[in-house]
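One structure is given below, encoded as structure tokens.
Please read all numbers here as calculations on a predicted model, not as lab measurements. Sequential numbering from 1 along the given sequence is applied to the chain's residues.
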Amino acid sequence: MTQHEAAAVTAGAARHDAVAPAQASAAPASAVGPVPKTPHAAGKPAEEGVGPRVPEPGFVLPPSSSAEHPASEPSEPSENSENPESSEKADSVWRRMRLWGIAHAVDDLYQGLVPASVPYFVLDRGYSYVAASGLTLAATLGSAIPQPFLGVLVDRMRVGWMAAAGVAVAGLGLGFSGLVQPYFAVWTLILLSGLGVAMFHPAAGKAAREEAGESTAAMSVFAAGGSVGFFMAPVLATPALVAWGVGATVLFIPPAVLVAYVLYRNRHRQRVLAAAAATTRTGQDQWTPFFVLTAIEVVRSVLFSGISTFIELYWIRHLGASHALGGTALAFFLGGGVLGTLAGGRIADRIGLVRTVQLGSVLVIPMLVALRLLPGTYVPLLFAAATGLALNIPFAVLVKLGQDYLPTRPGTAAGVTLGLAVSIGGLISPVFGLAADAHGPQSVFLIMCFVPAAALVLGCFLREPRRTPAAGADG
């Protein structure tokens, strides 16, 4: 230390003693041995043989020192790292959920192929509208009725193979349906395909929740997978069915076999996650709001099934469009559903789960009215997409709400919200078929304009789920 530096330190120490006598006994900067760190000294390297540099009064640190702006320094890294951290989180969600999102897309591809192929059974085989609606009914019976029982089975037993088997059965049943001629054989194979869907949803819904934990974003990846599958069905099927007829359904068997194999290989990891999740499931099941939620899902299912079954025939028979444009209308409707599923999760984060469900019920009414009343073959396409978007805004929210209402029964909740309630709308399809036979497919869309009012009324009885395992009577 030079003589000039020593004088500066001595003068600084004297001023320090005058302001704070209690610290007069502190060791000088040149003392050998450890000196207690102050906030200004954090992160500074110790000088050899002297100890940490302590910025005492009279000692000016270089401008590059972190002690110059102690308050602003820590805040800058958090701002700069916010976007990368968010990106890493989104990437982590996708890595965790991509298998179940893709599997859900493939499984629901076969559900979407039923309404996509029904018009070609009408055109190629000469089926009546009632017979065509019967095919939708077969898929519904196969998927809707068994799902509550399969959900209970999933909650009580180890059935890690069920999701894989479900995808395989769904794909094989639908794939072979276009190759057989007798109506009863076609009906039976589509029924079998529906049974495969019934096997997949409770098992996959429970496994996806175990993989996602409490992350709504992660569960939305799984839910959106189903919407993507419905959307891809007409996009992939229409060109093949136009070119080769209903026999082209056999082309859709390979994805089911591949995904079933991957899921079967993944069953050991899922067993570990299931064991961990079983120890953390707490809370009180709330059955009353769950039943209200189920009724809303049924109304949505009636709308979805009716629109997806008859929208192509509406374009072809009523609007006078080509077969390709009819398939485009179905693709627009289902594509809007994909966007609605993704948007619903973001909307729910802002306004709440229940309000998001109510919002979807309100928005779908004017979209359906515009779809039915607007003339032409191209402008109504926009409202086909808007109807799909509004109808699917509550989809992922209803899935999450169902499992929140029944925290100890995730398989049962998934079997209902993803399966029974979604599929049961197909039971009404023969009624729509009778209306279409009598007054044309446009009559179906006239009826649809009044159906969402039921969901709007039911939505008034929903409530946000309890976040803690509260005691007391279930409302």
What do the steps show when you test Tyr314 against Arg372 for side-chain contact (heavy atoms from CB on, under 4.5 Å), and what is the final call?
CA-CA 10 Å; Tyr314 175 73; Arg372 172 62 185 88; 3.9 Å; yes
Q) Does the Thr294 side chain pair with the main chain of Phe290, one donor and one acceptor, at a distance under 3.5 Å? A) yes
- So do the side chains of Tyr120 and Glu312 get within less than 4.5 Å of each other, counting heavy atoms only? yes
| Can any side-chain N or O of Gln286 pair as donor or acceptor with the backbone N or O of Pro465 at less than 3.5 Å? | no
With a 4.5 Å limit on heavy-atom distance, are the side chains of Phe395 and Arg300 in contact? yes
When rounded to the nearest 0.5 Å, the distance separating CD of Gln403 from OG1 of Thr412 is 10.0 Å
Output, in order, the C-alpha distance, side-chain angles, deciding distance and verdict of side-chain contact (heavy atoms from CB on, under 4.5 Å) for Val416 and Gln147.
CA-CA 7 Å; Val416 173; Gln147 291 213 37; over 6 Å; no
CG of Leu368 to OG1 of Thr387, rounded to nearest 0.5 Å, is 4.5 Å
Note: Ala348 and Val397 closest approach over all heavy atoms is CB-CG2, 3.9 Å
Evaluation steps, side-chain contact (heavy atoms from CB on, under 4.5 Å), between Val118 and Thr136
CA-CA 8 Å; Val118 160; Thr136 304; 4.0 Å; yes
Q. With distance as the sole test, does Ser443 use its side chain to make a donor-acceptor pair with the main-chain N or O of Gly440 at under 3.5 Å?
A. yes
request  = Report yes if the side chains of Trp187 and Ser177 come closer than 4.5 Å at any heavy-atom pair, otherwise no.
outcome  = no
Discussion item. Counting C-beta onward and ignoring hydrogens, is there a side-chain heavy-atom pair between Trp100 and Val221 closer than 4.5 Å?
Written reply: no
Scanning both residues in full, the closest heavy-atom pair of Pro441 with Tyr129 reads CD-OH, 4.4 Å
| task | Could you walk me through whether Tyr261 and Tyr264 pass the side-chain contact (heavy atoms from CB on, under 4.5 Å) test, one step at a time? | result | CA-CA 5 Å; Tyr261 172 75; Tyr264 188 73; 5.8 Å; no
**Q.** Note, Ser117 side chain near Leu241 side chain (heavy atom, < 4.5 Å)
**A.** yes
- Do the side chains of Leu330 and Trp315 get nearer than 4.5 Å, heavy atoms only? no
ring-ring contact (aromatic ring centres under 6.0 Å, His included) pairs touching residues 326-350, sequence neighbours excluded, are Phe304-Phe333
Task: Ser308 side-chain N/O to Pro115 backbone N/O, donor-acceptor pair under 3.5 Å - done: no
d(Ile393 CD1, Ile347 CD1) to nearest 0.5 Å is 4.5 Å
Ala386 and Met367 have their tightest heavy-atom pair at CB-SD, 3.6 Å
Contacts satisfying side chain to side chain donor-acceptor pair (under 3.5 Å) that involve residues 333-342 (not counting sequence neighbours) are Ser227-Thr341, Thr341-Asn392
Scanning both residues in full, the closest heavy-atom pair of Ile447 with Phe432 reads CG2-CE2, 3.9 Å
*Is any side-chain heavy atom of Val262 closer than 4.5 Å to a side-chain heavy atom of Val259?*
no
> With no hydrogens and no angle check, is any side-chain donor or acceptor of Thr249 less than 3.5 Å from a backbone partner on Gly175?
Replying inline: yes
Heavy-atom closest pair (Gly402 atom, Ala413 atom, distance to 0.1 Å) is O-CB, 3.5 Å
dist Leu313:CG -> Leu319:CG (nearest 0.5 Å) comes out at 11.5 Å
CD of Glu297 to CG of Leu401, rounded to nearest 0.5 Å, is 10.5 Å
dist Ile102:CD1 -> Met97:CE (nearest 0.5 Å) comes out at 11.5 Å
Practice problem: Taking the six-membered ring for Trp and the single ring otherwise, decide whether the centroids of Phe252 and Tyr110 are under 6.0 Å apart. | Solution: no
Give a yes or no on whether Arg355 atom CZ has more than 12 heavy-atom contacts from other residues, nucleotides or ligands under 6.0 Å away. no
When Thr188, Val186, Val180 are each screened for side-chain contact (heavy atoms from CB on, under 4.5 Å) with Phe184, the one that passes is Thr188
Side-chain heavy atoms of Leu398 within contact of Leu353, under 4.5 Å
no
(message) What I want to check is whether the side chains of Arg463 and Tyr405 have a donor and an acceptor closer together than 3.5 Å.
(response) no
Inset, instruction - May I ask you to check whether Tyr183 and Tyr127 place their ring centers less than 6.0 Å from one another? - result: yes
ask   = Can any side-chain N or O of His104 pair as donor or acceptor with the backbone N or O of Phe222 at less than 3.5 Å?
value = yes
Residues at least two apart in sequence or cross-chain that pass side-chain contact (heavy atoms from CB on, under 4.5 Å) with Val169, listed by chain then number, are Leu192
Donor-acceptor contact present, side-chain Ser143 to main-chain Ala139, <3.5 Å
yes
Closest non-hydrogen contact found for Leu195 with Pro146 is CD1-CG, 4.0 Å
